[in-house]
Each structure stands twice: as C-alpha cells, then as structure tokens.
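Worksheet: one structure, shown below.
From a predicted model like this one, the values you see are computed outputs, not experimental measurements. First the proteins, then the strands, lettered A, B, ... as listed; each starts at 1.
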Amino acid sequence: MKIGYPCINRSIGCTANSTFRLANYSEERLIETIGANLECLERILHYNIEKGLLFFRISSDIVPFASHPICKTDWAKHFKRELASLGGLIRESGMRISMHPDQFTLLNSPSEDVTRRSIAELEYHCMLLDAMGLDDTAKVQIHVGGVYSDMESAIERFCARYKTLGAQIKNRLVIENDHRLYSLRDCLQLSKQIKIPVLFDSFHHECLNNGETFRNAVIAASSTWTKDDGLLMCDYSSQKPDAAWGTHTEHIDITLFRDFINRMRGLDFDIMLEIKDKEKSALLALGAYEELRHPPSYLLKHPRTV
DNA sequence: CCATGTCAAGGTCAC
DNA sequence: GTGACCTTGACATGG
C-alpha cells in the first residue's frame, strides 16, 4: 500500500501548479512557468521520497493552457530532458502517479464541442505521463460526467465516446465515483461494458452509495483493475466537522482513518488523501498505517481497539 | 503592500 | 430562464 496526497506541498515553499491569466499569455511566459513548475515538482518528489510518501497526484496546471488552442508550443519537446529525468526519479523510487483533470472534462456531454475539448485535455494529461516515461499504472482519473436528465443514455454516450479514444488515453483513463450523480454501482456497471478501471473514492461513497460497506466496495472496485493497471487507487477523505455536507476536512481524523485501514485487512491498494493540509495529514496516515502493520511492543501487550 | 474580485473550460438545482 | 453553487488556489487589479 502506498500513501500520498494531491498536487500541493505546503511545507516546501514552492508550487508546481503556478499558472497565469489567458489575457497575459505569451510563449515566453508559458516556458518560464512550466520550467518553474517542473523545478518545484522535483523538490516535492524528493520530499515525498525522503518521507516515504510514494503516491502523488501531479497538478493539471503543471503545463498551463496545454490543451487550449492558444498553445502552439511543443512543451513536451522543449522540456524533454527535464520530464524524462523526473520520470526516472519516479520510477526508481517506486512512486505511483495519478492526475485528475478538472470538472469540465466531460466525455459524455451532449455537446460535441465539449467532448472534443475534453478529449484534447485527456490527450494532454497522457502526453505528460508518456513524456515522463511512466507505465500504465500511472492513471488519469475523471468522473463519469453529467446526467443530462437521463443517466442511461448518458452512460451509453460515455461508452460510445470511450470506444473512439486511442490506446494512449484508454490505457490510462479510469473513472471515479462521485458524491452526487454516479455512485460506485453506476461506475461498476459502466466498467462492465467497456472494461475501464474504477477508482474508489471513500468520501464520495459515504455521500452516495447503495449500501455497500467500505470493504466490499474496495473489493468490487479492485476487481476492475488488471495487472497492467496496477493496484486499485483509492481517494480518501472525511467530512469537515460543522461544514456543508460533502466538504473535505481540513485535517485528517486519525481515528477514522485507522478504522478505515483496519477494515481493509488483507486487501492491498494505494491511498490518496484528499485533505486540505496535504502532506501533513499524509504523514500522519502513513504513520498510522505502519503502526498497524508493525505495532510497537507496548501496543501488542495492550492492544488498542480500532 | 494588502485586500478582494476574478480566473478557459460545465452541470445541477433552486427559484 | 436566470443565477447561485460546486470547489479552490493563486493571479492580478485597484485601493
């Protein structure tokens, strides 16, 4: 099991997702921004390796406007060396990588234009992972999309569009259950039709489910991942106390996390902590996980109930 | 320099 | 049909 966090490290003092306004676009600024982002990404990766956090999500903003028509720059070529070097670092350390295009990436939109732009966005994400030389266990996760007042035909549209995608995208694309529209069950049904892996989001599942326990949900989602896909990826979070329903917590509730892990005995998958304080919570989670695997002697003598 | 409004992209729901 | 909300950090403008 690898444990990690998405996109941002708050303790290093740099960001790998710096962008700028479209109105201020220039090729020079693009190159400058990508360069700074990649430099910061390298620092984050070193931090993660040192701390044993071996799952990380690279921000979609690492190459600003990559799929926008304004971008004519062959950034993959320009940063070929840097990207290959980052990829080497990732591979050597055994780190797992994911990416998560934003909410407007919709394969099942009734609008051809929205779909076309979405596919361009997916191409960009895959191109980046390819340029880093990462295998197909590095995934690009999206939600199924809108319902458009008819879920069945929305799912059909997703499948039809998926079939038109090239292998470069298909080999990396996975779908994630969301917290309002497409439950795990819906995703599994979709997966059955087109053999797409289902990434399990535990917090979304808490918000929207069909009665499956966490454990059975993880087992079912796991079965959609092949050897080439690697282990199941799982997003983990919990409800922010006293906040609107569905709001991600600011800090990890370590008791809840320990309980979650404890229910998963004998199962293996990778966990991404979608929690606001990022690496801070991820480190606590890693500590809790290692304690459960290798309990210190005082806990063996006086077992903690989890 | 700091505060606050705004930022490529869509969809859903309340009214 | 219109507008708020989702969710979010960081850009950038204006005071």
Which nucleotide in [options] has an atom nearest any side-chain atom of [X]:
{"X": "A/His179", "options": "B/dA8, C/dT7, C/dC11", "result": "C/dT7"}
{"X": "A/His68", "options": "B/dG11, C/dC6, B/dA8", "result": "B/dA8"}
{"X": "A/Leu181", "options": "B/dT12, C/dA10, C/dG9", "result": "B/dT12"}
{"X": "A/Lys276", "options": "B/dA8, B/dG10, C/dT8", "result": "C/dT8"}
{"X": "A/Val147", "options": "B/dT12, B/dG11, C/dA12", "result": "B/dT12"}
{"X": "A/Arg117", "options": "C/dA12, B/dT12, B/dA9", "result": "B/dA9"}
{"X": "A/Arg180", "options": "B/dG10, B/dT12, C/dA10", "result": "B/dT12"}
{"X": "A/Ser67", "options": "C/dT7, B/dG10, B/dA8", "result": "B/dA8"}
{"X": "A/Ser18", "options": "C/dG9, B/dA9, C/dC11", "result": "C/dC11"}
{"X": "A/Leu22", "options": "C/dT8, B/dA8, B/dA9", "result": "B/dA8"}

| Dot-bracket encoding per residue of DNA chain B, Watson-Crick/G-U cut-off under 3.5 Å, | denoting interstrand | |||||||..||||||
Mind checking if [X] touches a base, just sugar-phosphate, or nothing, with heavy atoms under 4.0 Å?
{"X": "A/Phe65", "answer": "base"}
{"X": "A/Asp102", "answer": "nothing"}
{"X": "A/Ser118", "answer": "nothing"}
{"X": "A/Lys278", "answer": "nothing"}

| said: Check this for me: does the side-chain of A/Arg21 come within 3.5 Å of the base of B/dT6 through a donor and an acceptor? | reply: yes
| query | Taking the six-membered ring for Trp, are A/Tyr162 and A/Phe158 parallel (under 30°), tilted (30 to 60°) or perpendicular (over 60°)? | reply | parallel
| side-chain hydrogen bond (donor to acceptor under 3.5 Å, both in side chains) against A/Asp135, all qualifying residues, sequence neighbours excluded | A/Thr137
Distance, [atom1] atom - from [M] to [N], rounded to whole angstrom:
{"N": "C/dG9", "M": "B/dT12", "atom1": "C1'", "answer": "24 Å"}
{"N": "B/dG5", "M": "C/dC5", "atom1": "P", "answer": "14 Å"}
{"N": "B/dA9", "M": "C/dG1", "atom1": "P", "answer": "22 Å"}
{"N": "B/dA3", "M": "C/dT7", "atom1": "P", "answer": "27 Å"}
{"N": "B/dG10", "M": "C/dC11", "atom1": "C1'", "answer": "22 Å"}

| Do you know which of A/Asp270, A/Asn171, A/Asp229 makes side-chain hydrogen bond (donor to acceptor under 3.5 Å, both in side chains) with A/Lys139? | A/Asp229
| A/Gln239 side-chain N/O to A/Gly246 backbone N/O, donor-acceptor pair under 3.5 Å | yes
| task | Look at atom NZ of A/Lys280 and say whether more than 12 heavy atoms of other residues, nucleotides or ligands are closer to it than 6.0 Å. | result | no
| message | Check for me whether the distance between the ring centres of A/His143 and A/Tyr182 falls short of 6.0 Å. | response | no
| message | Rounded at 0.5 Å granularity, tell me how far CG in A/Leu232 sits from CH2 in A/Trp225. | response | 6.0 Å
| query | Salt-bridged, A/Glu212 to A/Arg185, with N to O below 4.0 Å? | reply | no
